[in-house]
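This report concerns only the one structure given below.
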Amino acid sequence: FIDGAHAVHHDMWGHTGAAMTLGKGAAYLSSSKQKINTMSLTETELIAVNDKMGQILWTKYFLEAQGYDVPLVLFQDNKSTMLLEKHGRASSTKRTQHINIWYFFVTDCIQREGL
């Protein structure tokens, strides 16, 4: 589960929260202020996933090295962000054209890793 909260800090920066479960319990929990300011909730959510993608991939590769074939499922609550992650720039509109291309690392991971 990854979620971003838009403009919640006194300086109007976003916040990222993440929880990874294995079975019935949480194996990883994280809550942190985002490193950059964003213009929309969609961008905030995309940055949240981008920031946590390293931990997601590390966990996937670690479990595979231990002999487990565990499918990873990413849960989010923002339809616009999910479309951007799945289709990349093809889903961009006037409101999301400003998003830097390196955040589409998430799109690449979803296509390569089948998240």
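One hydrophobic cluster, built from ILVMFWY side chains closer than 4.5 Å, cannot hold both Leu22 and Leu29; they sit in different ones. No continuous path of ILVMFWY side-chain contacts below 4.5 Å connects Tyr28 to Leu63, so the two sit in separate hydrophobic clusters. At a threshold of 4.5 Å between side-chain heavy atoms, the hydrophobic network of Ile, Leu, Val, Met, Phe, Trp and Tyr places Leu57 and Val49 in one connected group.
Annotation: side-chain hydrogen bond (donor to acceptor under 3.5 Å, both in side chains) contacts involving residues 63-74, sequence neighbours excluded, comprise Lys60-Glu64. Under the ring pair (Phe, Tyr, Trp, His ring centres under 6.0 Å) criterion, the residue pairs touching residues 34-59 are Trp58-Phe62, with sequence neighbours excluded.
Note that the OG1 atom of Thr81 and the CD1 atom of Ile47 stand 10.0 Å from one another [nearest 0.5 Å]. The structure places OG1 of Thr21 at 5.5 Å from CZ of Phe1, a figure rounded to the nearest 0.5 Å. In this structure, CG on Leu72 lies 7.5 Å from CD1 on Ile56, to the nearest 0.5 angstrom.
Side-chain contact check for Gln55 versus Ser30: every heavy-atom pair is 4.5 Å or farther apart. In this structure, the side chains of Leu74 and Met82 stay at 4.5 Å or more apart for every pair of heavy atoms. Residues Asp3 and Glu45 form a side-chain contact, since some pair of their non-hydrogen atoms from C-beta on lies under 4.5 Å apart.
Side chain of Thr44 to main chain of Ala5: no donor-acceptor pair is present (N/O by atom type, distance under 3.5 Å, no hydrogens or angles).
Heavy-atom minimum distance, His6 versus Thr38: ND1-OG1, 3.2 Å.
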Side-chain donor/acceptor pairs under 3.5 Å, residues 10-20, sequence neighbours excluded:
from  : atom 1 : to    : atom 2 : distance (Å)
Asp11 : OD1    : Trp13 : N      : 3.4
Asp11 : OD1    : Lys33 : NZ     : 3.4
Asp11 : OD2    : Lys33 : NZ     : 2.7
His15 : ND1    : His9  : NE2    : 2.8
His15 : ND1    : Ser32 : O      : 3.4
His15 : NE2    : Ser31 : OG     : 2.7
His15 : NE2    : Ser32 : N      : 3.4
Thr16 : OG1    : Gln34 : NE2    : 3.0

